[in-house]
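Labels below follow one simple rule: chain letters A, B, ... track the order of the sequence lines, proteins then strands, and each chain is numbered from 1.
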Amino acid sequence: MGVRPVITLVWLLLLVLTLGSWGLFELGTHKSGMTAAVVDAYVLLVALFKVRLVLLYFMEAATAPVVLRLALDLWLLLVGVPLVFQTIAAAPTF
Amino acid sequence: VNTVADDGIDRPGNARYLPAEVGLWAFVIADTLLFGILINVHAFDRVNHAAQFRAAQAALDASFGFANTLLLLTSSCFVALSLKALRNRQRGAVAWLASAIACGCAFAVIKGAEYTREARAGFTPTTNEFFMNYYMLTGLHLLHLLVGLVVLLFMACIARNPDVTADQRAFESGAVYWHMVDLLWLLIFPVLYLVR
C-alpha cells in the first residue's frame with residue numbers, strides 16, 4: 001500500500017475514534033448504561049491509542065529506528081498509566 | 001545500495017529512517033513529558049476536588065474542543081500529505097500546507113471565542129483549581145500552536161524552493177513539531193472536557 005492511502009486511512013480511523021468518544025460523552029452514563037469509571041477509562045485509552053497512531057504514522061515512528069519507538073512507547077506508558085488510574089479513582093460511582 | 005521506496009525516502013537498503021533532526025526528537029520527548037506531568041497533576045487535583053472539578057467542567061462547552069480536535073487531526077493529515085508530496089517531488093506540497101495553516105488558524109479563532117465565552121461568564125484562572133489548570137494547559141498548548149503556524153509558513157517557503165533536497169530535514173522537523181501540537185491536544189481534550 002502506498003503512503004498516501006495509509007495517511008488517509010489513519011486520519012479516517014482517528015476521526016471515527018474521536019466521533020465514538022464524543023458520542024459516548026453526549027449519550028451520558030445513564031443512556032449508555034455504563035459507569036462513569038468505565039466511560040472515562042474507555043475515552044482515555046482511545047485517546048492514548050490515537051496518540052500512538054499519530055506517533056507511528058504521522059510522525060513516522062513506525063519506520064524510524066527501534067530505539068525511538070521504544071522511547072515513545074515508554075513516554076506513553078509513563079504518562080498514560082497514572083492518568084488512567086487517577087481518573088478512574090476520581091470518577092463518580094454512577 | 002540506495003533505493004527510493006514508494007514513500008519517496010532515499011534510504012540505504014531496508015534501513016530504518018529517522019525523519020527530522022535528533023535534537024528535535026529530544027525536544028519533542030522533553031516537551032511532551034512536561035505536558036504529561038501537567039496533565040497528571042490535573043488528574044491528581046481531580047481526585048482531591050472531584051465535585052468541584054465536575055461542576056467547573058460542566059460550565060465548559062465541549063463542542064468547541066470537539067471541533068478543534070477534528071481541525072487538528074485534519075491539519076496533521078494535510079502536513080503528512082505535504083511531506084509525502086515534497087519527498088516525491090510532486091506538486092501540491094504548498095497547497096497541503098496552506099490547508100493545514102487554515103485549520104490551525106480556525107483552531108486559534110475557535111479557542112479565542114471559547115476563552116471570550118468563559119471570561120464573560122466570569123471564569124478566569126483565579127476562579128478555582130480546575131480553571132487554573134484549564135487555562136494553563138490550553139494556554140500553553142495555544143502558544144505551541146501559534147509557534148507551529150509560523151513553522152508551517154517557514155515550511156511553505158522551503159516547499160516553494162525547486163531544490164528542496166538540502167532543506168528536507170528542516171521540513172521534516174517542522175512536520176514532527178506540528179504533529180506534536182496535534183497529539184498534545186488529543187490528550188488535553190478528553191482530560192479537560194470528556195472525563196467525568
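- Contacts between B/Asp182 and chain A at a heavy-atom distance below 4.5 Å involve the side chain alone, from C-beta outward.
- The local environment of CZ in B/Phe64 is crowded, with over 12 non-hydrogen atoms from other residues, nucleotides or ligands closer than 6.0 Å.
- Ranked by heavy-atom pairs under 4.5 Å with chain B, the list A/Val79, A/Leu72, A/Leu78, A/Leu48 is led by A/Val79.
- With a 4.5 Å cut-off on non-hydrogen atoms, B/Phe189 touches chain A through its side chain but not through its backbone.
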Determine, step by step, whether A/Leu56 and A/Arg69 satisfy the side chain to side chain contact (heavy atoms under 4.5 Å, CB included) criterion, reporting the C-alpha distance in whole Å, the side-chain angles of both residues, the deciding distance to 0.1 Å, and the verdict.
CA-CA 8 Å; A/Leu56 287 177; A/Arg69 279 177 65 171; 4.0 Å; yes

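- Contact of B/Val28 with chain A is made through the side chain alone, with heavy-atom distances under 4.5 Å.
- For A/Leu14, the parts sitting under 4.5 Å from any heavy atom of chain B are the backbone and the side chain alike.
- Two rings, from B/Tyr135 and B/Tyr115, have their centers less than 6.0 Å apart.
- With hydrogens and angles ignored, the 3.5 Å screen pairs no side-chain donor or acceptor of B/Ser75 with any backbone N or O of B/Ala100.
- Judged by distance alone, the side chain of B/Arg196 and the main-chain N or O of A/Ala90 form no donor-acceptor pair under 3.5 Å.
- Options B/Thr74, B/Val176, B/Leu187 differ in how many heavy-atom pairs under 4.5 Å they form with chain A, and the most are formed by B/Thr74.
- In this structure, B/Lys111 fails the cation-pi test against B/Phe107, since its NZ or CZ atom is not both closer than 6.0 Å to the six-membered ring centre and inside 45 degrees of the ring normal.
- Residue A/Val66 touches chain B through both its backbone and its side chain, counting heavy-atom pairs closer than 4.5 Å.
- Interface remark: B/Leu83 contributes side-chain atoms only to the contact with chain A (heavy atom separation under 4.5 Å).
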Residues B/Asp45, B/Met132; criterion side chain to side chain contact (heavy atoms under 4.5 Å, CB included); working and verdict: CA-CA 11 Å; B/Asp45 287 346; B/Met132 189 177 73; 5.7 Å; no

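- Ranking A/Tyr57, A/Trp22, A/Tyr42 against chain B, the residue ahead of the rest is A/Trp22, based on heavy-atom pairs under 4.5 Å.
- Only the side chain of B/Thr69 has a heavy atom closer than 4.5 Å to any heavy atom of chain A.
- By number of non-hydrogen pairs under 4.5 angstrom with chain A, the leading residue of B/Ala175, B/Ala62, B/Pro190, B/Gly65 is B/Ala62.
- In terms of modelled atom types and a separation under 3.5 Å, the side chain of B/Gln57 and the main chain of B/Val195 share a donor-acceptor contact.
- Between the side chain of B/Asn40 and the main chain of B/Gly36, a donor-acceptor pair closer than 3.5 Å is present.
- Heavy-atom pairs under 4.5 Å with chain B peak, among A/Ala89, A/Ala61, A/Pro82, A/Ala91, at A/Pro82.
- The candidate from B/Thr32, B/Leu186, B/Val79 with the greatest count of non-hydrogen atom pairs under 4.5 Å with chain A is B/Thr32.
- Judged by distance alone, with hydrogens and angles left aside, the side-chain atoms of B/Arg89 form a donor-acceptor pair with the main-chain N or O of B/Arg87 at under 3.5 Å.
- By number of non-hydrogen pairs under 4.5 angstrom with chain A, the leading residue of B/Pro19, B/Ala50, B/Cys77 is B/Cys77.
- The aromatic rings of B/Phe130 and B/Tyr134 lie parallel to each other, their planes meeting at an angle below 30°, with 60° marking the opposite boundary.
- In this structure, the portions of A/Leu83 lying under 4.5 Å from any heavy atom of chain B include both its backbone and its side chain.
- For B/Ala20, no part lies near chain A; criterion is any non-hydrogen pair under 4.5 Å.
- With a 4.5 Å cut-off on non-hydrogen atoms, A/Val54 touches chain B through its side chain but not through its backbone.
- Only the backbone of A/Ala62 comes within contact range of chain B, judged by heavy atoms closer than 4.5 Å.
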